[in-house]
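Worksheet: one structure, shown below.
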2 protein chains.
Amino acid sequence: MKMNLDERKKKILSSVVEDYIESAEPVGSKTLVEKYHLDYSSATIRNDMKILEKEGYLEQPHVSAGRIPSTKGYRYYVDNLMKEKRLSMVDIDYINSTINGFGDVDDIFEQVADVVSKILSTPTVITRNNTDTIENIKVVKISEKLLLIVLMSKNGTVKDCIAKITDVVEDNAIDQMTSILNQNLTGTPIKELHLVLNNIIKKDLKAYSGVMEEIINSIKYEISKDMKKLNSGVEKILEKPEFSDIETVKNFINMISTKEIIDSALEKSNNNKLSIVIGSENKEVLLNDYTVISLDIEKDNKYLGKLSVIGPKRMNYAKTISTLKYINKKFNNTLKLNSKDNKVKGDYSEKRRK
Amino acid sequence: MKMNLDERKKKILSSVVEDYIESAEPVGSKTLVEKYHLDYSSATIRNDMKILEKEGYLEQPHVSAGRIPSTKGYRYYVDNLMKEKRLSMVDIDYINSTINGFGDVDDIFEQVADVVSKILSTPTVITRNNTDTIENIKVVKISEKLLLIVLMSKNGTVKDCIAKITDVVEDNAIDQMTSILNQNLTGTPIKELHLVLNNIIKKDLKAYSGVMEEIINSIKYEISKDMKKLNSGVEKILEKPEFSDIETVKNFINMISTKEIIDSALEKSNNNKLSIVIGSENKEVLLNDYTVISLDIEKDNKYLGKLSVIGPKRMNYAKTISTLKYINKKFNNTLKLNSKDNKVKGDYSEKRRK
DNA sequence: TTTAGCACTCAACATCACAAAGTGCTAAGT
DNA sequence: ACTTAGCACTTTGTGATGTTGAGTGCTAAA
């Protein structure tokens, strides 16, 4: 049930939001008249601001201060008032020169997170989708006592780990183990791998159990590494004026260091590819002063993971959104480039999918 | 030219350091008499403290405050007065249950850094030695369009990366490339790999240049990833009272986010395996309020890297040192365990060393 | 419906006084 | 010659008080 604001109120709300995003100071009626060329007197603006406050779009820190946007105010601004902004050439160049397509999907995620963090001066978090499934496993003997195990996932991530073995293993034993692993694990979601591995060791592989146990333990260790990665950018966000209070800083650092909070922040909240969760829209109370903007990364309609930006409610929504939209395009191109190569000159991707 | 302190002065200095480490408050003469059972009046203590201050062991924040240790004071304490403390059973258990020996040397470094960070509530930094040399390279075809390149180093680190290729490559071409890579790269220090790779591509490998270029680019990307890794623990250190000032917090976060500063902090400063650099002994000015304690990790007299702890000057030296010493032992056992296995039942390590 | 004018409120800052902690020095004690 | 009691002195921290300035809400007039 959204109130229909008249044009003047929209202009006022939008100006308050934009001024506050820029200055971090409560915005007064006089500032608005002077800076935003509203053709009304400050008294008129004041009346409207009062109404906007009653309707819940604005808040007043105290009676003799200007107004700041409420969560509802930011929401209205983002949904109805904000003008899309083109990303600057500098930023575009920076993105293009940094995303180089080396490495697997994981590596590209990290490169992207790093770029975004730099452009927006804000911490970013990568969440990889753990519903990804195992596509193929290879075991390679790299020396007498070391096996390299390579796990390829359906969505193009390659994980690998080293198993140290104590017994001498014949090449054909390795081949057999590899094929048994593949028979059992192909199609298994990575997050269930743990269970399936335990079953294998009990059921099928008594014969090789010594070596197999090493292999399985190594895989377990590898997949236990976290799928979420905080890409710092913390040092920059601390320069913003909302972090002039020591408690805020500590709470923030604590928050982004706490896995559970980040988990909850990044729960999928709607079906948009670009999700914006503002202030108190966050379920997690500690996040109520922050905004989390997440971009879902997909490939061939498969969800690969997401890239999230965490900042104060007073973040530059327009720039953040245009950056993420550009990144999305870039990401698709980088991934598609890989696929196209495969389709044109060989058939890695088809093969993987069959 | 170290002044010889008499017993009473030693006791006073040691008590001031220990009380200040515990309380973070300047220590007064009365506190010393009461809490540390010095059998002298506060006036006597005051006289001695004055002398200790004149000699540079103590400082006074202002005239009506107690004393705090100077860098020289901490140094004297660490070198002459500190009593070694056994690590608690809880901590020992925690270390033993966490360091599991999975993964390669890199992984073990990370596990160790994580444990130390938790036990000491302090940020830790891992520095891997980049004078390590390439021992062996393998190229494995993991699908039509993906090659896995495995780099094994002399000191037991395994790095690997994926190369996406566009041309079909025969198995024997891969074998040839592998052997050319090995001929050229074996013995090359990792930090010079970059240059050598450029030479190879110019000189030897025109024939495979397309594929080879992909391989080489992937290797370059992989080795460009940083050898230093900050293992957070920042959230805990911020709770310490020295971080009640907002500027201190920001400077600290900035400092540990700045690669160059960390680099300089970790420069080898002496020949001890356990190096302790206190406050203004740090070359880097921004580190003058902090102490960096680093443990060199070696295997068979080869320097593998180091594990460093960064904290306020007022850190718990005794506990930090005993933790690191225990970690050193643990680390050696874990590495030796690997070697022993190899010696007893096969010969991976000898082979690698020949 | 808009606006000028004005009384009112509140945060932020400065000023002041005072208590608490701890020193340095002097003079007396051992 | 060393130790100590006693006391004046210094400085920080805290709370009380006053002042300033920004910005509002309301009233009454346009």
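Every heavy atom of this structure was used, including side-chain atoms; hydrogens, water molecules and symmetry mates were not. Below, read A as the first sequence line, B as the second, and so on, with proteins coming before strands; counting in each chain starts at 1.
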Please write out each protein N/O paired with an N/O of nucleotides 9-19 of chain C under 3.5 Å, distance rounded to 0.1 Å.
residue	atom	partner	partner atom	Å
C/dC10	O2	A/Ser64	OG	3.1

Requested in this report: Report which part of the nucleic acid B/Ala65 touches: base, sugar-phosphate, or nothing (heavy-atom distance under 4.0 Å, all strands).
Outcome: sugar-phosphate
**Report entry** B/Thr44-B/Asn47 side chain donor-acceptor pair, cut-off 3.5 Å
**Finding:** no
Report task. Establish, yes or no, whether a centroid distance under 6.0 Å links the rings of B/Tyr74 and B/Tyr317. Result -> yes
**Report entry** Closest-nucleotide 5' rank along DNA chain D - winner of B/Arg46 and A/Lys50
**Finding:** B/Arg46
Query raised in the report: Do B/Arg67 and B/Lys50 come within less than 4.5 Å of each other through their side chains, counting heavy atoms only?
Result: yes
Query raised in the report: Between A/Ser41 and C/dT2, does any side-chain N or O lie under 4.0 Å from OP1 or OP2?
Result: no
Query raised in the report: Within the structure, does a side-chain N or O atom of A/Lys30 lie under 4.0 Å from either OP1 or OP2 of D/dT24?
Result: no
Query raised in the report: So, does the side chain of A/Arg67 form a donor-acceptor pair with the base of D/dG25 at under 3.5 Å?
Result: no
Requested in this report: Send over the distance from A/Glu34 CD to D/dG23 P, rounded to a whole Å.
Outcome: 10 Å
Give me the distances for all protein-to-nucleotides 28-30 of chain C N/O pairs that come in under 3.5 Å?
none

Requested in this report: For A/Ile68 and D/dG23, give me the distance from atom CD1 to atom P, rounded to whole Å.
Outcome: 14 Å
Query raised in the report: Could you give the CE-to-P distance, from A/Met49 to D/dG25, as a whole number of Å?
Result: 8 Å
Requested in this report: Starting from P on D/dA22, measure out to CG on A/Asp19 and report it in whole angstrom.
Outcome: 16 Å
Query raised in the report: Is a salt bridge present between A/Lys118 and A/Asp114, judged by a nitrogen-to-oxygen distance below 4.0 Å?
Result: yes
Query raised in the report: What's the CG-P distance between B/Leu58 and C/dT23, to the nearest Å?
Result: 11 Å
Requested in this report: Using atom CD of B/Glu59 as one end and atom P of C/dG22 as the other, report the distance to the nearest whole Å.
Outcome: 18 Å
Query raised in the report: Quick one: on DNA chain D, does A/Pro26 or A/Asn47 contact a more 5' nucleotide (nearest heavy atom)?
Result: A/Pro26
Query raised in the report: If you measure only the distance, is there a donor-acceptor pair under 3.5 Å linking the side chains of A/Asp91 and A/Ser88?
Result: yes
Query - Nucleotide D/dA1, atom P - distance to CG of B/Asp6 in whole Å - result: 17 Å
Query raised in the report: Does B/Glu239 come within less than 4.0 Å of B/Lys236, counting only side-chain N to carboxylate O?
Result: no
Query - Given A/Asp79, A/Val292, A/Ile293, A/Thr320, the one that forms side chain to side chain contact (heavy atoms under 4.5 Å, CB included) with A/Ile276 - result: A/Ile293
Query - Which atom of A/Glu242 lies closest to which atom of A/Pro312, heavy atoms considered - result: OE1-CB, 3.7 Å
Query raised in the report: Looking just at side-chain N and O atoms, do B/Ser29 and B/Ser42 make a donor-acceptor pair shorter than 3.5 Å?
Result: no
Report task. Ignoring the backbone of B/Arg8, work out which of C/dT23, D/dT3, D/dG25 is nearest its side chain. Result -> D/dT3
**Report entry** Distance in Å, A/Lys313 NZ paired with A/Tyr290 OH, rounded so as to fall on 0.5 Å steps
**Finding:** 11.0 Å
Query raised in the report: What's the CD-P distance between A/Gln60 and D/dA22, to the nearest Å?
Result: 17 Å
Requested in this report: Please state whether the phosphate of D/dT24, meaning OP1 or OP2, lies under 4.0 angstrom from any side-chain nitrogen or oxygen of A/Ser29.
Outcome: yes
